[in-house]
Amino acid sequence: MDEKLKSRKISEIFECEEGSRVAIRGWVYRFRDLGDKVFLVVRDSSGVIQVVFEGEGATEARLVDVEASVFVIGRVRSDKRAPGGKEIAGEAMELLGPSHNFPITRDISREFLLDVRHLWVRSRRMQSMMKIRHTVFGALHGYFRENGYYEVHAPMFITAAVEGGATLFPVKYVDGSTVYLTQSSQFYLEALIFSLEKVYTIAPSFRAEKSRTRRHLTEFWHCEAEVAWATLDDIMQVEEDLIWYVVQKVLEENQDELKSLGRRLERLEQCKPPFYRISYDEALELLSMKGVSIKWGDDLGADEERLLVEEFDKPVFVHRYPEKVKAFYHKSDPKRPEVTLSADLLAPEGYGEIIGGGERVDNLDELISKIKKFGLRPEDYAWYLDLRKYGSVPHSGFGLGVDRTVMWIAGLDHITDALPFPRTLRRVYP
Ligand code: NSS
């Protein structure tokens, strides 16, 4: 083999002049032996290209199988029939890592593809999703850093529930005590605004979700922000700016991936702020016009959210949920104490909630009475209560489910398709 010929990314080969001698390395995506000719479709992280071996050269090429890794040398040739209009006329091939009976063939049932996820991540679909996911994470960091937020980190081991005890994951700690995996970094972010004022974090959160749905993981990526002095209106503004920033970045950087996933770009292009804002009461009215009656005070589930978002062509905030459906830390609306200064952001096209947030209780006595009202013990929240004893300020924040956001932006059917190695009720492998 010609050691001096440096291998190039497959995407670069399409830019090369016809007749250029090139080398690539990658994996065999498809393989076809027509006797006198052997066709290999080779893929790398940047794309796929067809390589055709004839005569002598075909002997070595015949040894490969799907997903073998190869080093190929050949000349660039234009061919209208080849995907991308160019192919490589193969001259030499080195088999680097053989592959036999790659298990993903015809059986592509959901469960099977989850069992072999460590191999399915090589697929075009997963590669496109992961490239979009990469852009989403980068854009989240980009937005916050451009807008004066400090990135902070909170612990994963915690001692008291943020989002209710039902979904807490107990862990036996080194000293024999029981601690829990965090459901949200919110309380730590609240502590940090007294130092840095505007903070954010992107970290895993854990919930022992007992039900199997299209949108629940037991371990998900949570992007949370907290802002000193901010009101509910201020924080909704931040959320819509952030979402639009992320959507624009994906539209700029991932056209090919969106198209390969069959995503309709115009549905994303129209997600320009301002987003719609409706109150919980208005949401109930809308639902009742659609023939669904929800008792005032009950939460909106996935089905109700799906019905609601049918009415909107871009994301919609539902604000001022009743006190009892939102966690204890939500501040009551002074004009209507039975509702909270909370808002969920629902994504269009049936996706539903991707963000939950709002204004926090900042008064000590009010917080203690809310904790008790929810059947919790103030002593479990001692340090959190301290934040209301020393220079308390009004503040608001939110948590965005990154996997759900990727699911919506990429137009996926199931949250487990929005990350490479999902964790759900029944799955912790591979
Ligand atoms: O429960 S949340 O609605 N809110 C909180 O955890 C707040 N403590 C966040 C904050 O204000 N700092 O969760 C926020 C988002 C929610 O809208 C979903 O998009 C996502 O987190 N989320 C999930 N994604 C995937 N799987 C599960 N189980 C899940 N639970 C919440």
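Counting starts at 1 for both ligands and their atoms, following the listed order.
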Does ligand 1 have any atom sitting under 4.0 Å from a heavy atom of Arg423?
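No, Arg423 has no heavy atoms under 4.0 Å from ligand 1.
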For the student: nearest non-hydrogen atoms of Val179 and Phe157, plus distance:
CG2-CD2, 4.1 Å
Going by an N to O cut-off under 4.0 Å, is there a salt bridge joining [X] and [Y]?
{"X": "Asp313", "Y": "Lys272", "value": "no"}
{"X": "Arg336", "Y": "Glu338", "value": "yes"}
{"X": "Glu311", "Y": "Lys290", "value": "yes"}

How far is atom 4 (N) of ligand 1 from its nearest protein heavy atom, and which residue and atom name does that atom have?
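Here the nearest protein heavy atom works out to Glu163 OE2, 3.9 Å.
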What are the atoms of ligand 1, with element, lying closer than 4.0 Å to any heavy atom of Leu217?
25 (C), 26 (N), 27 (C), 28 (N)
Could you tell me which atoms of ligand 1, counted from 1 in the order shown, lie closer than 4.0 angstrom to a heavy atom of Arg215?
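In order of number, 25 (C), 26 (N).
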Relative to atom 19 (O) of ligand 1, which among Leu419, Ile354, Leu189 owns the nearest non-hydrogen atom?
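Heavy atom nearest to atom 19 (O) of ligand 1 belongs to Ile354.
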Heavy-atom nearest neighbour of atom 6 (O) of ligand 1 within options Arg207, Glu224, Gln186
Arg207
Have a look at ligand 1 and work out which part of Phe206, if any, has a heavy atom under 4.0 Å from it: side chain, backbone, both or neither.
neither
Are the side chain of Gln183 and the backbone N or O of Glu163 linked by a donor-acceptor pair below 3.5 Å?
yes
Is Lys249 positioned over the aromatic face of Tyr245, cation under 6.0 angstrom from the ring centre and no more than 45 degrees off axis?
yes
